[in-house]
Number of protein chains: 2
Amino acid sequence: MITVAITDDHFMVVEGLKTMLNQVDTIKIIDAYHTVNDTVEGLKNNSPDILLLDINLPDGNGIDLCKILKQTYKDLKIIALSNFEDIAFIKQIIKNGANGYLLKNTNKSELVLAIHTVQNDELFLPETLQRQLLNDSLGKPTNSSFFVPNLTRREKEVLSLIVKEYTSEDIANKLFVTVKTVEAHRSNLIQKLSVKNVAGLVRVALEKGLV
Amino acid sequence: MITVAITDDHFMVVEGLKTMLNQVDTIKIIDAYHTVNDTVEGLKNNSPDILLLDINLPDGNGIDLCKILKQTYKDLKIIALSNFEDIAFIKQIIKNGANGYLLKNTNKSELVLAIHTVQNDELFLPETLQRQLLNDSLGKPTNSSFFVPNLTRREKEVLSLIVKEYTSEDIANKLFVTVKTVEAHRSNLIQKLSVKNVAGLVRVALEKGLV
DNA sequence: TAAAACTTTAGGGAAAACCCTAAAGTTTTA
DNA sequence: TAAAACTTTAGGGTTTTCCCTAAAGTTTTA
């Protein structure tokens, strides 16, 4: 019997997961959490084999949480849940210790397969993503962006302010640095995220849940 | 017995809804669709009493679909499903004929209540949104934006290109108009959406699913 | 500890965005 | 059909973004 916990802020997604997994004899859902905090607290009392972890949470992001949880619970298997099909994004979360990655429009059989796979200490990725990762490692262009969310603390800070419609001057005042510094961060962000302008920065930031 | 169909591109959400509703004797789910097209085709063969309609669909948006469906199926009750708690957004979809509006993090009892309410030809809105609408009509500021998605066809077109990182010049070339025209649309968009710059435009466009 | 990555600053210039007022023709709606 | 809303264009100006090169100090990582 594999025990599973879920972290997702959407009631319906949790229900959907519960339904699919309750039909499987070998899997038992022992808890569900809705926030980063919930999860951290909940895991102090429960020890699921596997955690299905949503990336976008109201009080933080699953990527960082994944890293933290893995430090505390070495044996816990984590399967990331997300809407986004981005190879570099996946690389990041795998690097942070995740044992698998599932798109939210997955179906029951894939979900069950993913759980059994990671339980066997193997990495699980959906077919489409495997192909994309393969293409990527072969240097072939993929339909997903080349975005690597390796943003520095400061860059994330600036990005989140850009999304909030702050101008470079506003940001400079807020962070007590010069406008030139902010512009440097802006340029670096544009480079790193492979976009052309502020519109791209905002779009990517929101799409990838970086802010 | 109330018959219900669901339109949502996320498998899990559909599963979650099915689970919750299957536990209710008076409600029967007769079909589920994943796209605008699916829904239009599916409704030719099925006549549910109620359609639970996601706003953000891969091949279009539920707001326009709602209007179209209501023209063809006068008696069909539509409950909009969305993640966004925006009063003006809700006004728009109600104006387009929706009989109710549910946030995706709803629970079973509210979901069932919503279905029974609209079946009785009454409008259903969650408590929190009712309060916001009341405040709004009293002229009080609410925590949601004042955004009214009354964008013209052309403005939507321009906005979607802005989100795609097109500059005003790019857009002008694409639409065969002058840069000045595009800038006029830009200014109007900034006014209408109550934002300060392109970052705000992109953020709002993505948050409200306008593009 | 040494290398690598990050943060900060700068000058100068080109491009783009933004704001204002104004107006005429087109389409939609009441 | 008349009013309202939409689309188009313009001049002229300010602000902001974006790009380039360059460098020094700080922090993190191997």
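The sequence lines fix the lettering, A, B, ..., with proteins before strands; numbering per chain opens at 1.
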Return the value, rounded to whole Å, for the distance between atom CG of B:L193 and atom C1' of C:dC18.
15 Å
Heavy atom of residues 181-190 of chain B under 4.0 Å from DNA chain C: which residues?
B:E183, B:R186, B:I190
Taking atom CG of A:D75 as the centre, report whether more than 12 heavy atoms of other residues, nucleotides or ligands fall under 6.0 Å from it.
no
Assign each of B:K180 and A:Q191 to its nearest nucleotide of DNA chain D by heavy atoms, then name whichever residue's nucleotide is nearer the 5' end.
B:K180
Does A:E183 pair with A:R186 as a salt bridge, N-O distance under 4.0 Å?
no
From CG (A:D170) to CD (A:E165), nearest 0.5 Å
10.5 Å
Take the protein atom CG of A:L201 and the nucleotide atom C1' of C:dA17, then report the distance between them rounded to whole Å.
15 Å
Assess whether a salt bridge exists between A:K104 and A:D8, defined as any Lys/Arg side-chain N lying under 4.0 Å from an Asp/Glu carboxylate O.
yes
Spacing between A:D170 atom CG and D:dT15 atom C1', to the nearest angstrom:
12 Å
Among the nucleotides C:dA17, D:dC19, D:dT7, whichever has the atom closest to the side chain of B:R153 is D:dT7
Once you round it to whole Å, what is the distance between P of D:dC18 and CD of B:E165?
10 Å
Check the phosphate of D:dT8 against B:R154, side-chain N and O only, distance under 4.0 Å to OP1 or OP2. Yes or no?
yes
Kindly check if the number of other-residue, nucleotide or ligand heavy atoms within 6.0 Å of OH (B:Y166) is above 12?
no
Look at the side-chain N and O atoms of A:T152 and state whether any lies under 4.0 Å from the OP1 or OP2 oxygen of C:dT7.
yes
Measure OH/B:Y166 against P/C:dA17 and give the value in whole Å, please.
14 Å
Within this structure, what is the NZ-to-P distance between B:K196 and D:dT14, rounded to whole angstrom?
21 Å
Let me know, please, whether B:N197 or B:L175 comes out on the 5' side of the other along DNA chain D by nearest nucleotide.
B:L175
Nearest heavy-atom neighbours spanning A:R203 and B:V163
NH1-O, 3.2 Å
Could you summarise the pairing of DNA chain C as dot-bracket text, marking Watson-Crick and G-U pairs under 3.5 Å with ( ) or [ ] inside the strand and | across strands?
||||||||||||||||||||||||||||||
For B:T3 and B:D49, does a side-chain donor sit closer than 3.5 Å to a side-chain acceptor?
yes
Working note: B:K70 + B:N99, criterion side chain to side chain donor-acceptor pair (under 3.5 Å); need CA distance, chi angles, decisive distance, verdict.
CA-CA 10 Å; B:K70 274 290 180 172; B:N99 305 84; 3.0 Å; yes
Protein-nucleotide distance (B:F176, atom CZ; D:dT8, atom P), rounded to Å
13 Å
Quick one: A:I162 CD1 to D:dT16 P, roughly how many Å, whole number?
14 Å
With respect to the side chain of A:E169, which nucleotide from C:dC6, C:dC18, D:dT16 is positioned closest?
D:dT16
Closest approach of B:Y73 to B:V40 (non-hydrogen atoms, all atoms of both residues):
OH-O, 4.4 Å
